[in-house]
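Heads up: the structure comes next, in structure tokens.
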Amino acid sequence: MPPLSMPMPGTLAGFLRTLIGQRRGYSWEPSEVAILRDIGVAGPLLKNETVCFPAPADAVVLDGKELMTLRPFEPEKGGCNLRPGLLPLKVTKDGKPAPGYTYWKARDMFQRLAGNVQESFLPEEIGDFPRATSLHGAIDPSTHTAQEGRLYSTEMVVYEQLKKGKEDENRDQKYESWSFLVAAEVSEEEDLCTVHTLGGERWLAAVREAP
């Protein structure tokens, strides 16, 4: 199964609420857990020099560099196995989805949602992020040693992109990293800027205050 284009909102919410509880020195009593669950968390969005949204599911950029809008329709013949109240989406143009449009810049998203676009409108191509594959060995829970022949792999998205014209530079100058933009309902005096583990692989993530 390929990785998600972005972490699920619940993943980031759990990450932040756990961090808040640790910074407050909670002992994870039920009353304290209830307080953390009531903290509102919104996001994530992608952020670099601008804010980006996941591409809308009803808009497909085709390889011919044209935008196809998907709309529900009632089939004249045959049927479908969707639940009552749901309709299939109609494909109106030939072509394959073009790569590089998994995310849309906020400007393009707002224009489309407001209906302020022409027929020739195309969102700006942001490009896709590279994928990294890791190989793991299953662990025997009784001996805490590797199980022979039990290997599996995981694939993840690496949120960095090669800078144009910087192919020959060193790594720090060659790539630009992206961040997740998340909002949490905490007081401005509460300092959450630190490094904390994120996700099932427990990768380290730096928390910074958004400008």
Side-chain angles (χ1 to χ4, degrees), residues 1-57 102-110 113 126-147 150-161 171-172 175-211:
M1 179 182 295
L4 299 172
S5 59
M6 291 182 66
M8 297 292 288
T11 301
L12 272 298
F15 165 80
L16 275 180
R17 289 168 182 155
T18 300
L19 174 60
I20 293 169
Q22 291 180 351
R23 301 284 279 188
R24 291 179 180 179
Y26 282 176
S27 57
W28 306 103
E29 296 293 332
S31 58
E32 295 172 334
V33 173
I35 292 174
L36 293 172
R37 285 177 174 171
D38 287 339
I39 295 177
V41 179
L45 299 175
L46 271 177
K47 184 180 185 302
N48 188 359
E49 296 178 354
T50 185
V51 175
C52 296
F53 291 79
T102 305
Y103 312 93
W104 283 24
K105 288 189 174 182
R107 173 200 62 210
D108 294 330
M109 180 68 79
F110 295 158
L113 291 176
I126 296 175
D128 294 323
F129 294 105
R131 306 294 174 95
T133 302
S134 299
L135 190 64
H136 309 267
I139 301 299
D140 189 327
S142 60
T143 62
H144 301 287
T145 58
Q147 295 181 359
R150 300 291 297 275
L151 298 177
Y152 66 96
S153 62
T154 57
E155 187 181 49
M156 60 185 177
V157 180
V158 181
Y159 292 97
E160 62 181 17
Q161 290 179 322
R171 182 174 181 82
D172 291 341
Y175 290 93
E176 58 181 357
S177 297
W178 289 66
S179 303
F180 298 123
L181 184 63
V182 183
E185 293 180 336
V186 294
S187 65
E188 294 183 0
E189 292 75 20
E190 196 158 3
D191 183 16
L192 301 179
C193 296
T194 186
V195 176
H196 194 56
T197 56
L198 171 63
E201 295 288 327
R202 299 182 63 81
W203 289 96
L204 293 178
V207 181
R208 302 185 180 92
E209 185 176 352

- [ ] With side chain to side chain contact (heavy atoms under 4.5 Å, CB included) as the test, would you mind laying out the steps for Phe15 and Val207 before giving the verdict?
- [x] CA-CA 11 Å; Phe15 165 80; Val207 181; 3.7 Å; yes
- [ ] Taking all non-hydrogen atoms of both residues into account, name the closest pair between Tyr103 and Gly127 and its distance.
- [x] CD1-O, 4.4 Å
Open item on the list: Main chain of Ser27, side chain of Glu32: is a donor-acceptor contact present, judged purely on distance under 3.5 Å?
Closed with: yes
Open item on the list: Is any side-chain heavy atom of Leu204 closer than 4.5 Å to one of Thr197?
Closed with: yes
Task: Gap between atom CG of Leu192 and atom CD of Glu209 - 0.5 Å precision - done: 9.5 Å
Open item on the list: Do His136 and Leu151 make a side-chain contact, defined as non-hydrogen atoms from C-beta onward lying under 4.5 Å apart?
Closed with: no
Task: Taking every non-hydrogen atom, the tightest pair across Ala210 and Leu181 - done: CB-CD1, 3.8 Å
- [ ] Check the surroundings of atom CD in Glu190: do more than 12 heavy atoms from other residues, nucleotides or ligands lie under 6.0 Å from it?
- [x] yes
Task: Thr102 side chain near Phe129 side chain, heavy-atom distance below 4.5 Å - done: no
Task: Evaluation steps, side chain to side chain contact (heavy atoms under 4.5 Å, CB included), between Arg107 and Thr50 - done: CA-CA 9 Å; Arg107 173 200 62 210; Thr50 185; over 6 Å; no
TODO: Apply side chain to side chain contact (heavy atoms under 4.5 Å, CB included) to Leu46 and Phe180, showing your working.
DONE: CA-CA 5 Å; Leu46 271 177; Phe180 298 123; 3.9 Å; yes
- [ ] Tell me, yes or no, whether the heavy-atom count around Arg24 atom CZ, taken from other residues, nucleotides or ligands under 6.0 Å, exceeds 12.
- [x] yes
Open item on the list: Please give me the minimum heavy-atom distance between Gln147 and Asp140, naming the atom from each residue.
Closed with: NE2-CA, 3.3 Å
TODO: Report yes if the side chains of Phe110 and Lys105 come closer than 4.5 Å at any heavy-atom pair, otherwise no.
DONE: no
- [ ] Provide the closest heavy-atom pair for Pro9 versus Pro44 in the form atom of the first, atom of the second, distance.
- [x] CA-CD, 4.0 Å
Task: Heavy-atom closest contact (Leu12 atom, Pro7 atom, distance) - done: CD2-CB, 3.3 Å
Open item on the list: As an exercise, state the distance from OG of Ser179 to CG of Asn48, rounded to the nearest 0.5 Å.
Closed with: 7.5 Å
Open item on the list: What's the separation between atom OG1 in Thr11 and atom CG in Leu16, rounded to the nearest 0.5 Å?
Closed with: 11.5 Å
Task: Heavy-atom closest pair, residues Thr133 and Ser153 - done: CG2-CB, 4.0 Å
Task: Spacing of Ile20 atom CD1 and Ile39 atom CD1 [to the nearest 0.5 Å] - done: 4.0 Å
TODO: Go through the steps for Trp178 and Ile126 under the test side chain to side chain contact (heavy atoms under 4.5 Å, CB included), then give the verdict.
DONE: CA-CA 12 Å; Trp178 289 66; Ile126 296 175; 4.0 Å; yes
